[in-house]
There are 2 protein chains.
Amino acid sequence: MTPCDVCEVRDYALCATLGLEREQFIRLGRQMTLPKGRTLMWEGQESMLVANVVEGALMLSTCSGDGQEQIVGVVYPSDFIGRPFGSESPHNVTALTDSRVCVFSRSVFDGFVRKHPEMEHHLLQRTLDELDRARKWMVLLGRMSAEQRVATFLVDISRRLAHVKPEGECAPLERFALPLDRQQIANVLGLTIETVSRQLSALKRDGVLALPDRRTVEIHDRKRLEAIAQAE
Amino acid sequence: MTPCDVCEVRDYALCATLGLEREQFIRLGRQMTLPKGRTLMWEGQESMLVANVVEGALMLSTCSGDGQEQIVGVVYPSDFIGRPFGSESPHNVTALTDSRVCVFSRSVFDGFVRKHPEMEHHLLQRTLDELDRARKWMVLLGRMSAEQRVATFLVDISRRLAHVKPEGECAPLERFALPLDRQQIANVLGLTIETVSRQLSALKRDGVLALPDRRTVEIHDRKRLEAIAQAE
DNA sequence: CGGCGAGTTGAACGTAATCAATTGTCGTGG
DNA sequence: CCACGACAATTGATTACGTTCAACTCGCCG
């Protein structure tokens, strides 16, 4: 029995495309657990690994010339991470929560994918989706007010986390634990920690949501939250 | 004789991957000229076309909920545009200058690509590169000052335009015509037209560059420009 | 109980947006 | 060729939003 037999994301991740060759593929990778805060890949480093997320959440981040961090993506179970067919990793990949990933050597992975067009097609689909998502986020960073950014972030994450939940559940969550702390939220939104805090407080004051503890969000008035988020 | 026989980008665009099947492929597409300002695809519209850029420059743009435009990409000859394997176009595609593109029906293109893994691989490579570029731009939008944004924009475009030039020439250009007007630059950088203008004036005042007319840029002190741009 | 880090709140500041006026450029027709 | 109008771009004055700096609160663990 392999870890894949009980893998939570086997039907959603990249490997779901494989039929009989799955056996072959899984022998190439291995599961790894990452404690919260551990960095799996470094920006600019020779890109040696790719991976599927099995459990947890990780962030992709880069630093601007003067050292400011910008988070350029957050990934969840069944998402793919790493940069195939390229020499260096374009960003850091760091665990936001304790996580489990299924890693492959990049060269081995590249070789396998090139021999399995179905899988390469799936990878292309994922990459196109990621690109759409990244470009949507550019609108947020380029054009939205702090209030809109925070609202959009909450709407987005409540939807993404819903897909992570056991089977079927797909309605956006009304109560969830943020995998990011305030500083990280600020780094996603291109704001400062103080501004994020103020906007969250304002939303709480207006009864749009509650913050029972610093990691938990309860959305009470999704309609209003979405109205603030506007862009979509 | 087909237009492809004299195509300027035949060795760089997606079709360069094809060997003997090239003949087959080119029969599926047709060249089109687009006057400056013409929109080829609309955001949200059913995605019917994909295309290669042969000549000119086009922008990809989306609107935030309250109608503000954000340019999420600029494409040049040999670049690929459109959203294969997806139902709707995620952004507008509009000619910045008079342009020539080589268009394909999306369904026909999708079918062809699925049968030609080499081509699909090339498309994946391009998409991965675009994703890297988009994420780099997120740092600019999230973390850079107006001055840094304008400087970064100029450094970037002078490099991109160099690759468009006839054969070989790859050093960044020190003198070039902007394919975008001030409003469009503002929409790329997430700034207002006034701020862009002020920053350009400041760079001129400091002797970093000259602006002989409103479309032309002459970089006099690239070192300094790059120092201001910092992030990279 | 004390100390520490994360988060919140407040006050002052600064950058870019906004509003407004002026200059510059280009195309058209006299 | 010049005059004019329309639009693009620049420049200036003011405002507003988010940042910065600083104080304070809260929860947690020794």
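Sequence lines set the chain letters: A, B, ... in the order given, protein chains first and strands last, and positions in each chain run from 1. The basis for the numbers below is simple: all heavy atoms, side chains too, and nothing from hydrogens, waters or symmetry mates.
- Using a 4.5 Å heavy-atom threshold, the side chains of B:Val54 and B:Pro77 count as separate.
- Remark: A:Arg214 is not in phosphate contact with D:dC26, judged by side-chain N or O atoms under 4.0 Å from OP1 or OP2.
- For the pair A:Val196 and B:Ala146, both in contact range of DNA chain C, the more 5′-proximal nearest nucleotide belongs to A:Val196.
- As rounded to whole Å, 14 Å separates atom C1' of D:dT10 from atom CD1 of B:Ile185.
- One can place CD of B:Gln148 at 9 Å from P of C:dA16, the figure rounded to the nearest angstrom.
- Between B:Leu141 atom CG and D:dG18 atom C1' there is a gap of 17 Å when expressed in whole angstrom units.
- Residue B:Leu189 contributes atom CG, which lies 12 Å from atom P of C:dA16 at whole-angstrom precision.
- The shortest heavy-atom contact between A:Arg143 and A:Gln148 is O-OE1, 4.4 Å.
- Between B:Asn187 and B:Met59, every side-chain heavy-atom pair lies at or beyond the 4.5 Å cut-off.
- Applying the 4.0 Å criterion to OP1 and OP2 of D:dT10, one finds that B:Arg182 has a side-chain N or O inside that range.
- Residue A:Asn187 contributes atom CG, which lies 15 Å from atom C1' of C:dA6 at whole-angstrom precision.
- Counting any heavy atom pair closer than 4.0 Å across all strands shown, A:Asp181 reaches sugar-phosphate atoms only and no base atom.
- Side-chain proximity of B:Arg198 to the nucleotides D:dG18, C:dT9, D:dG12 is greatest for D:dG12.
- The side chain of A:Thr195 places no N or O atom within less than 4.0 Å of a non-bridging phosphate oxygen (OP1 or OP2) of D:dG18.
- Under 4.0 angstrom from either OP1 or OP2 of C:dT9 there lies at least one side-chain N or O belonging to A:Ser201.
- Considering only side-chain N and O atoms, B:Thr192 lies nowhere under 4.0 angstrom from the phosphate OP1 or OP2 of C:dA16.
- Residue A:Glu194 places a side-chain atom within donor-acceptor reach of the base of D:dC21, judged by atom type and a 3.5 Å distance cut-off alone.
- OP1 and OP2 of C:dT15 both lie 4.0 Å or more from every side-chain N or O belonging to B:Ser145.
- Within the 4.5 Å cutoff, side-chain heavy atoms of A:Leu203 are placed close to those of A:Leu154.
- At whole-Å resolution of the value, CD in B:Gln68 and P in C:dA17 are 10 Å apart.
- Of the N and O atoms on the side chains of B:Gln125 and B:Asp129, not one donor lies less than 3.5 Å from an acceptor on the other residue.
- Rounded to whole angstrom, the span from the CD atom of A:Gln183 across to the C1' atom of D:dT19 amounts to 13 Å.
- Whole-Å rounding puts the A:Arg215 CZ to C:dG5 P distance at 16 Å.
- Residue contacts shown for B:Leu191 are limited to sugar-phosphate atoms, with no base heavy atom under 4.0 Å away.
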